[in-house]
Amino acid sequence: MSTYKAKNFVKNVTPRIHVDRAFQRKVCWSDKTCREYILSVNRQRAPYPIVVADVKSGLKKSEKLYDDYGIEKYKKAQNLNKDFISLDGQNRAEALRKLFSGKLTLTGRFIDADGKEVNVDNKYYSGLPYRLQDALRDAEVSICILPDCSYDELHDIFVHINSGDALNAQEKRNAINTLISSFIRERAEEAQVATMWPKISGMDESKINRSLDSEWTIKAYMATLGGGDKNDLNPKYLDA
């Protein structure tokens, strides 16, 4: 377990983390949830670490197992100059990034670097009292780095981490290490298709962020195969 000061984490660690869409949902926290998380960090009430897999040792493990798929995925991360693969905490990292980049206002009672309580009403980081800026900048963020993980192991780790976080069925499918799972996700998110989703009745940003776009893409793909019956779009068939 490593600990970083929040602003240092955003500046120097997050650029080295590869967000593999197989293991991380799209960023889906509302600004309200981001603010609540930052308040928890400020008050030292955010105990859960950001979890990542170490790329270098994971690649060695995959090479030892002659796992061509794992080797390919880890090398892709290396080629992007990434040292880690994100398994849990993308929304938390994004909340901090938004804070320090001036894209999120804060409201609430915070503790400054002198231990004094400060009332904040809809202020960006740059507009906060200097000692509160210091406290937020130096707030501790924990990161758990998992070494020696084969790529197949990452799926199980991801699901176990989120077992109490209500992953929906499609988010679990996204984490299955098969060519079809990545194919479906990539088709759903490519630009010429992604512009269609918000125009569909009943499909809004929150549902897209929870991978309903991928689920609809699977159903559309399966419908083109033909030869099935009316049950082919049931969850167990989508899983298969």
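Note that these values count all heavy atoms, side chains included, but never hydrogens, waters or copies made by symmetry.
- Here the NZ atom belonging to Lys75 is positioned 15.0 Å from the NZ atom belonging to Lys73, to the nearest 0.5 angstrom.
- A 4.5 Å side-chain heavy-atom check between Arg92 and Trp29 finds at least one atom pair inside the cut-off.
- Looking only at side-chain heavy atoms (C-beta outward), Gln78 and Leu59 come within less than 4.5 Å of each other.
- In the hydrophobic cluster analysis, where Ile, Leu, Val, Met, Phe, Trp and Tyr join through side-chain heavy atoms closer than 4.5 angstrom, Val118 is grouped together with Leu39.
- In this structure, CG on Asn8 lies 11.5 Å from OG1 on Thr3, to the nearest 0.5 angstrom.
- Side-chain contact check for Asp88 versus Ile50: every heavy-atom pair is 4.5 Å or farther apart.
- Ring geometry for Phe100 against Tyr125 counts as perpendicular: the plane angle is over 60°, on a 0 to 90° scale with 30° as the lower cut.
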Practice prompt. Please lay out, stage by stage, how Val120 and Thr107 fare under the test side chain to side chain contact (heavy atoms under 4.5 Å, CB included).
Written response: CA-CA 5 Å; Val120 176; Thr107 296; 5.6 Å; no
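- A salt bridge links Asp134 and Arg137; the closest N-O separation between the charged side-chain nitrogens and carboxylate oxygens is under 4.0 Å.
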Item to complete: Under the side chain to side chain contact (heavy atoms under 4.5 Å, CB included) rule, what do Val55 and Asp83 come out as? Steps first, then yes or no, please.
Response: CA-CA 5 Å; Val55 168; Asp83 296 318; 5.5 Å; no
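- The line from OH of Tyr74 to SG of Cys149 is 5.5 Å long, rounded to the nearest 0.5 Å.
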Worksheet item: Could you go step by step and tell me if Lys103 and Tyr124 meet the side chain to side chain contact (heavy atoms under 4.5 Å, CB included) rule?
Response: CA-CA 8 Å; Lys103 296 182 179 180; Tyr124 289 103; 5.8 Å; no
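- Side-chain contact check for Thr105 and Arg35: at least one donor-acceptor pair (N or O, by modelled atom type) lies under 3.5 Å.
- Side-chain contact between Leu80 and His18 is present, with heavy atoms from C-beta onward closer than 4.5 Å.
- Lys7 places none of its side-chain heavy atoms less than 4.5 Å from the side chain of Val10.
- Between Glu94 and Lys98 no salt bridge is recorded (no basic side-chain N to carboxylate O distance below 4.0 Å).
- Around atom OH of Tyr48, no more than 12 heavy atoms belonging to other residues, nucleotides or ligands sit under 6.0 Å away.
- The closest side-chain heavy-atom distance from Thr14 to Arg97 is not below 4.5 Å.
- Within a 6.0 Å sphere centred on CD of Glu140, other residues, nucleotides and ligands contribute 12 heavy atoms or fewer.
- A side-chain contact (heavy atoms from CB on, under 4.5 Å) with Leu87 holds for exactly one of Leu154, Val52, Ile17; it is Leu154.
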Practice prompt. Give the C-alpha distance, both sets of side-chain angles, the deciding distance and a yes or no for side chain to side chain contact (heavy atoms under 4.5 Å, CB included) between Trp197 and Lys207.
Written response: CA-CA 10 Å; Trp197 300 121; Lys207 292 179 180 177; over 6 Å; no
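- A donor-acceptor contact shorter than 3.5 Å links the side chain of Arg43 to the backbone of Arg109.
- Although no hydrogens or angles enter the test, the distance criterion places no donor-acceptor pair under 3.5 Å between the side chain of Asp54 and the main chain of Ile145.
- Inter-residue side-chain proximity for Ile180 and Ile218 is flagged as unmet; no heavy-atom pair is nearer than 4.5 Å.
- Tested against Tyr37 for a side-chain contact (heavy atoms from CB on, under 4.5 Å), the candidates Asn91, Leu99, Leu96 yield a single pass: Leu96.
- Between Asp112 and Arg131, no side-chain nitrogen of the basic residue sits less than 4.0 Å from a carboxylate oxygen of the acidic one, so the salt-bridge criterion is not met.
- Nearest heavy atom pair, residue Ala113 against residue Ala135, reads N-CB, 3.5 Å.
- A salt bridge links Arg173 with Asp239; the closest basic N to acidic carboxylate O contact falls under 4.0 Å.
- Nearest heavy atoms, Ser150 versus Glu153: N-OE1, 2.8 Å.
- Here the OH atom belonging to Tyr237 is positioned 9.0 Å from the CE atom belonging to Met222, to the nearest 0.5 angstrom.
- Interatomic distance, Phe183 CZ to Thr217 OG1, rounded to the nearest 0.5 Å: 9.5 Å.
- Between Leu136 and Val41 there is no side-chain heavy-atom pair separated by less than 4.5 Å.
- Looking at every heavy atom in both residues, Asp148 comes nearest to Lys61 through O-NZ, 3.2 Å.
- Expressed to the nearest 0.5 Å, how far CZ of Arg210 lies from CD of Glu215 amounts to 11.5 Å.
- For the pair Pro147 and Ser57, the tightest heavy-atom approach, listed with the atom from each and the gap, is CA-OG, 3.5 Å.
- Judged by distance alone, the side chains of Glu36 and Thr33 never bring a donor and an acceptor atom under 3.5 Å apart.
- Side-chain atoms of Gln133 come within 3.5 Å of backbone atoms of Leu128 as a donor-acceptor pair (strictly under, hydrogens ignored).
- Two different hydrophobic clusters hold Leu65 and Ile71 under the rule that ILVMFWY side chains link at heavy-atom gaps under 4.5 Å.
- For CD of Glu205, the number of neighbouring non-hydrogen atoms (other residues, nucleotides, ligands) closer than 6.0 Å is 12 at most.
- The neighbour count for Gln44 CD, taken as heavy atoms of other residues, nucleotides or ligands under 6.0 Å away, does not exceed 12.
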